[in-house]
Number of protein chains: 2
Amino acid sequence: MTAAANQSGRRPTTSRRLERAGIRDVAAAAGVSITTVSDALNGKGRLPDETRSRVREVAERLGYRPSAAARTLRTGRSGLIGLTVTTYGEEPFTFTEFAYFAEMARAATSAALGRGYALVVLPASSRHDVWSNIALDGTVVIDPPDQDPLVSELYRSGVPVVSDGKPGNCPVTAWVDNDHEAAVLGILDHLSEAGARRIGLLTGTSTDTYTRLSTEAYLGWCGRVGQEPVYETYPAHDPAAGAVAADRLLARPDRPDAVYGLFDPNGTDLLAAARRYGLRVPDDLLLVCCSESDVYAGTEPPITTLSLKPRRIGTTVVNLLIDAIEGVDSGTGVDIARLFPPRFRTAGTGPPPGTLMPTELIVRASSQRRSPRTTINAPRPPGEV
Amino acid sequence: MTAAANQSGRRPTTSRRLERAGIRDVAAAAGVSITTVSDALNGKGRLPDETRSRVREVAERLGYRPSAAARTLRTGRSGLIGLTVTTYGEEPFTFTEFAYFAEMARAATSAALGRGYALVVLPASSRHDVWSNIALDGTVVIDPPDQDPLVSELYRSGVPVVSDGKPGNCPVTAWVDNDHEAAVLGILDHLSEAGARRIGLLTGTSTDTYTRLSTEAYLGWCGRVGQEPVYETYPAHDPAAGAVAADRLLARPDRPDAVYGLFDPNGTDLLAAARRYGLRVPDDLLLVCCSESDVYAGTEPPITTLSLKPRRIGTTVVNLLIDAIEGVDSGTGVDIARLFPPRFRTAGTGPPPGTLMPTELIVRASSQRRSPRTTINAPRPPGEV
DNA sequence: GATTCATGGAGAAACGGCACTTCTCGGCCA
DNA sequence: TGGCCGAGAAGTGCCGTTTCTCCATGAATC
């Protein structure tokens with residue numbers, strides 16, 4: 001029974017304080033080998049149920065908790081996923097500034113936990129030492145800029161990276177995004193049908209994918225239908241600037257009779273600006289903005305919003321990432337080209353696989369002169385690119 | 001120069017694929033020992049600058065990144081802090097449902113990163129295997145319920161725990177909270193001064209500290225000033241129930257002429273209910289609610305809010321936790337009583353040290369019949385209990 | 001009676017750093 | 001010339017698991 005005590009002969013029996021029980025202690029107490037304890041607790045090996053349950057019991061009694069650090073070192077898996085937020089401008093950390101991020105992060109956290117992983121939130125610009133101090137099994141990146149050094153390094157060191165937002169020129173494993181072009185075109189069509197003759201756009205100055213694709217879709221549409229573009233830009237991370245830009249847009253001589261605002265607070269800003277100029281919504285001005293907030297259901301009038309469905313995005317991104325992590329063929333070394341299961345491998349060295357998720361237009365009073373309260377799905381269903 | 005190659009004799013030179021460079025590789029390439037590499041990179045030991053910089057250069061060239069797992073195993077520090085959210089009811093994960101949590105988490109993340117730690121978000125109810133799979137240096141717990149088994153286990157295993165919200169009967173290292181009683185009394189006084197004769201309360205059914213203390217403060221005040229309590233309760237995690245409860249409160253025969261709502265959406269709910277009953281705000285009904293949202297600056301009329309200052313709370317909690325983590329006297333084994341530096345030790349076995357943070361009442365039109373736009377700080381400054 | 005085979009389990013090698021201890025060697029002073 | 005000192009660097013374990021290899025043993029088969 002006590003034969004196993006100190007069996008490895010490596011631990012000096014003295015100098016051992018009242019620290020947590022290790023696997024050796026359990027082995028000694030149960031009268032079995034370390035191997036057997038490990039097997040019993042992890043459901044591996046060939047052991048009779050009797051031994052298994054006895055070991056479990058002893059471990060329980062001793063309050064044994066396997067060391068996460070040791071396990072990570074040995075197995076090469078930490079169960080940790082990074083969630084990287086690219087920061088805007090000089091702001092140190094603007095995470096959760098927009099409801100989109102908060103929702104997306106929440107869904108991502110939830111999805112990760114559901115599969116046994118935990119999420120670590122790390123701004124892309126944070127101190128490098130923090131990054132390299134954490135063993136990550138993979139990383140979710142929100143809207144990485146072109147040539148992001150962080151993403152490059154992660155990818156180079158073999159860590160799977162999945163991005164929310166189609167990456168411009170980043171070597172990611174996979175990506176997920178909304179079909180922003182389809183969403184914008186859907187809104188413009190919707191406004192046209194409601195009687196808009198000149199549709200304006202309130203957009204941002206930043207170069208992220210969302211802003212860029214949405215703006216391009218607008219400009220393209222203008223070109224096709226022969227409308228002169230009417231838009232104002234502002235730094236999206238600055239809420240005060242949004243109000244000013246909204247005001248500018250409605251103060252123009254070529255004032256639009258309908259506006260789509262790309263960012264969450266634009267609805268409120270535009271409504272306030274309209275009020276200042278004595279414009280009635282929707283009679284004089286049709287309004288739509290992109291937002292995840294339901295305050296727009298309660299404004300006067302309620303405002304039509306485009307939802308990017310961040311929950312779905314967050315869930316999808318995490319699931320893709322974990323698929324990539326667990327698809328690693330650990331038998332044959334770590335060849336990056338083999339890091340991902342077949343369905344993630346693009347033929348040759350083509351672009352990484354991407355998934356487009358549908359958006360949802362929640363139609364309210366601000367964008368129609370007739371009956372409100374209808375939901376229109378985006379024209380295109382999700383699909384591979 | 002090459003003498004150090006394979007010096008430890010433990011690594012089979014073959015079977016080594018194109019994996020990441022380890023410290024041994026760096027040592028071999030730089031012609032020094034492993035020890036020297038470690039010392040050079042960590043700024044320890046006695047090494048001439050020349051050696052130091054040469055080793056750094058070689059490490060850089062080889063793209064060497066120390067293994068976080070190995071470092072954690074050896075040093076006992078992971079650089080990871082848990083942020084535990086106690087979930088409400090059956091909801092799997094209601095994190096960021098309230099702006100308070102989102103703000104608090106953001107501040108906590110930021111504060112942690114500023115000190116070289118990263119935050120892991122973990123709901124208290126999540127699978128135990130997730131918890132035990134992660135090496136945490138400490139944990140922040142949001143409003144732990146009495147006898148929380150999770151907190152008990154963490155504390156027992158020597159992990160420092162700091163709670164946001166005064167713990168009822170939990171062995172935490174320290175805690176931080178708002179002075180909820182002072183805040184509520186301040187609001188009640190404020191409403192009284194504005195002319196309220198009968199102040200109602202919209203509160204929750206849950207037993208968390210915030211709800212309990214606030215409600216008790218209200219009831220105590222009623223007793224002292226001789227007003228019959230007028231309040232309605234509802235499950236705070238259910239937004240729809242809030243609207244119903246607000247309606248109930250204003251439908252009572254003893255209808256209050258002023259209401260304080262404890263939860264974020266209450267302002268909107270109460271405003272809508274007032275509208276339904278033809279009550280003008282603030283003329284017929286004075287309104288205050290607790291919220292971190294600035295939408296209440298733009299409602300009609302703007303609504304007075306109490307801010308709990310979650311940024312400050314999040315920052316403080318994390319700083320206390322990291323102080324506790326880094327204050328560990330690692331020389332003398334792990335005696336829980338010595339886990340924390342002197343200023344955290346309460347004499348004898350008294351309650352854990354707590355810090356009260358001030359709240360801020362943002363006065364707007366809804367709570368006064370005269371001039372709006374003043375800010376009143378909570379009566380008491382922060383201090384130890 | 002000698003060979004398979006399945007069962008149950010032990011032993012030891014990593015995993016990749018870092019803390020602690022020890023060694024070497026040249027300079028300096030008595 | 002011997003001894004001491006300290007800078008500079010190397011050696012040695014060990015952190016606590018998992019996992020791979022391999023050994024007994026007894027039963028069954030040839």
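None of these values were measured; they are calculated from a predicted model. Per chain, numbering begins at 1; letters A, B, ... match sequence-line order.
- What separates CD of E50(A) from C1' of dT7(C) is a distance of 15 Å, to the nearest Å.
- Residue S38(A) is in base contact, counting any heavy-atom pair closer than 4.0 Å across all strands shown.
- At a threshold of 4.0 angstrom between heavy atoms, the contacts of R65(A) are confined to the sugar-phosphate backbone, with no base atom among them.
- Note on K44(B): a side-chain N or O is less than 4.0 Å away from OP1 or OP2 of dA19(C).
- A donor-acceptor contact under 3.5 Å is formed by the side chain of T35(A) with the base of dG11(C).
- In this structure, the side chain of R54(A) engages the main chain of A30(A) through a donor-acceptor pair within 3.5 Å.
- T72(A) is not listed as a side-chain neighbour of R77(A), based on a closest heavy-atom distance of 4.5 Å or more.
- Residue T72(B) is classed as having no contact, given no heavy-atom separation below 4.0 Å to the nucleic acid.
- Distances shown here put a side-chain N or O of Y64(B) below 4.0 Å from the OP1 or OP2 atom of dG17(C).
- Comparing A70(A) and D39(A) against DNA chain D, the residue whose closest nucleotide sits nearer the 5' end is A70(A).
- Under 4.0 angstrom from either OP1 or OP2 of dG16(C) there lies no side-chain N or O belonging to S67(B).
- Of the possible polar contacts, one joining the D137(B) side chain to the G79(B) backbone as a donor-acceptor pair under 3.5 Å is found.
- For the pair N42(A) CG and dG16(D) P, the interatomic distance rounds to 17 Å; values are reported in whole Å.
- Looking at R115(B) and N319(B), their side chains do bring a donor and an acceptor atom within 3.5 Å of each other.
- Distance, I23(B) CD1 to dA19(C) C1': 12 Å, rounded to whole Å.
- To the nearest angstrom, P of dG13(D) lies 14 Å from CD1 of I34(B).
- The distance between atom CG of D49(B) and atom P of dA7(D), rounded to the nearest whole Å, is 14 Å.
- Projected onto DNA chain D by closest heavy-atom contact, L73(B) and R46(B) fall at different nucleotides, the more 5' of which corresponds to R46(B).
- With hydrogens and angles ignored, no donor-acceptor pair under 3.5 angstrom links the side chain of R74(A) to the base of dC15(C).
- The nucleotide whose nearest atom lies closest to any side-chain atom of R71(B) is, among dC18(C), dT18(D), dA10(C), dC18(C).
- Judged purely by atom type and a 3.5 angstrom limit, T109(B) uses its side chain to pair as donor or acceptor with the backbone of A105(B).
- Between dA9(D) and T36(B), no contact under 4.0 Å exists linking OP1 or OP2 to a side-chain N or O.
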